[in-house]
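No hydrogens, no waters, no symmetry mates; every other heavy atom, side chains included, goes into these values. Naming convention: chains lettered A, B, ... in sequence-line order (proteins, then strands); numbering from 1 in each chain.
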There are 2 protein chains.
Amino acid sequence: MSSSNSPAEPGAVPVDVDRLLLAALARDGRASYTELAEKVGLSVSAVHQRVRRLEQRGLITGYRAVLDPKLLGLPLTAFVSITPIGAQNEDPPALLSHLSAIEECHSVAGQESYILKVRVASPDALELLLREIRACANVSTRTTVVLSTLYEDRPPI
Amino acid sequence: MSSSNSPAEPGAVPVDVDRLLLAALARDGRASYTELAEKVGLSVSAVHQRVRRLEQRGLITGYRAVLDPKLLGLPLTAFVSITPIGAQNEDPPALLSHLSAIEECHSVAGQESYILKVRVASPDALELLLREIRACANVSTRTTVVLSTLYEDRPPI
DNA sequence: TGTGAAAAATGGGGCGC
DNA sequence: GCGCCCCATTTTTCACA
């Protein structure tokens, strides 16, 4: 179930149509089926079928508008590494999930237990957020402030 | 230039229509103007106008399909912090931008100079990538492997 | 799976208010 | 800035290969 393409003639590059569709949609989530069909050289309905299958198989998990955090009033980004204090039976991600300033939460190997990516309006807001994180989840924090973002949200494909 | 809404009658919550649209589109980038119009209680053309303005003002920078990295064959995520070695006149982000495994690149305050978020197929691929990063950009690396991702891509709004 | 065509819904622009 | 009408395009579904 990993290959759904022709047997790949030697010499011809066996472009995977589904890959092309995923790459196109990762770059422009509103691309019309007509555009996509032209790009991959299939009919509109074939493309429609393939995209539906990609959605059903979970390869495409959703569609998002990408917003500019600065223009939204959230110019300050930071990575917050957290370490539980004392009792280890708590679940920091769950205890913190209501904080909408937290955009990502990863469990990680290394000195600390989790890494959060957060966005706030100002240094003051960051200070308040850190206090909340420490209080809610009973953790200590180590914060790395982002000075500038060179690139972000680059499609993995 | 910060308010574009009605004078807000006392008692009624003065919901900012543009915020609602941004939040809706951040969650479903393919929402139709009809859906959006129902959600905010305006006509389709009014919504259409507002969304166009949000795009033109740069608040909406694009639309993306969100893909599942695991199903794409990139189950291993890591944060790589890098520190330049020797000459400081080089530009690591530029020297590394061709590496498609790098999804994000941030300049940061703290011990290290940059933080990268990378996605690879395997530990072997990670080792190769780290070698490439060190060789291309003349940097040392410190890598934090992600064990699991609790949440990611949460809309900032 | 892919193709083609027909019905239904949506996108996009202009005009009056 | 909003609402409504009109038309091109697109989406969605169908039978057929």
Is the distance from OP1 or OP2 of C:dG13 to the nearest side-chain N or O of B:Arg52 less than 4.0 Å?
-> yes

Do you reckon A:Leu130 sits in the same ILVMFWY cluster as A:Ile82, going by side-chain contacts under 4.5 Å, direct or chained?
-> yes

Sugar-phosphate, base or nothing in reach of A:Thr34, heavy atoms under 4.0 Å | sugar-phosphate

Closest non-hydrogen atom pair between B:Ala37 and B:Val47, with its separation = CA-CG2, 3.5 Å

Report the residue (A:Ser45 or A:Glu35) whose heavy-atom-nearest nucleotide on DNA chain D is the more 5′ of the two.
-> A:Glu35

Which is true for B:Ser43 with a 4.0 Å heavy-atom rule: it touches a base, it touches only sugar-phosphate, or it touches nothing?
-> base

Could you check how far CD of B:Gln49 sits from C1' of D:dG3, rounded to whole Å?
-> 10 Å

What is the distance, rounded to the nearest whole Å, between atom CG of A:Leu21 and atom C1' of C:dG2?
-> 14 Å

Between atom CG in A:Asp16 and atom P in C:dT1, what is the gap in whole Å?
-> 12 Å

Which atom of A:Leu99 lies closest to which atom of B:Arg154, heavy atoms considered | O-NH2, 2.8 Å

In whole angstroms, how far is the P atom of D:dT11 from the CD atom of A:Glu38?
-> 12 Å

Provide, to the nearest angstrom, the distance between the OH atom belonging to B:Tyr33 and the C1' atom belonging to C:dG12.
-> 9 Å

At under 4.0 Å between heavy atoms, what does A:Ser32 touch on the DNA or RNA strands: base, sugar-phosphate, or nothing?
-> sugar-phosphate

Provide, to the nearest angstrom, the distance between the CD atom belonging to A:Gln56 and the C1' atom belonging to C:dT1.
-> 15 Å

In whole angstroms, the gap separating P of C:dT1 from CZ of A:Arg50 amounts to 7 Å

Does a donor on one side chain sit under 3.5 Å from an acceptor on the other, for A:Tyr63 and A:Glu55?
-> yes

Measure across A:Thr77 and A:Arg119 and return the closest heavy-atom pair with its distance rounded to 0.1 Å.
-> OG1-NH1, 2.8 Å

Residue whose closest nucleotide on DNA chain C lies nearer the 5' end, A:Arg30 versus A:Val47 | A:Val47

N or O in side chain of A:His48 less than 4.0 angstrom from D:dT12 OP1/OP2 | yes

Touch class at under 4.0 angstrom, heavy-atom based, for B:Ala46 against every strand present = sugar-phosphate

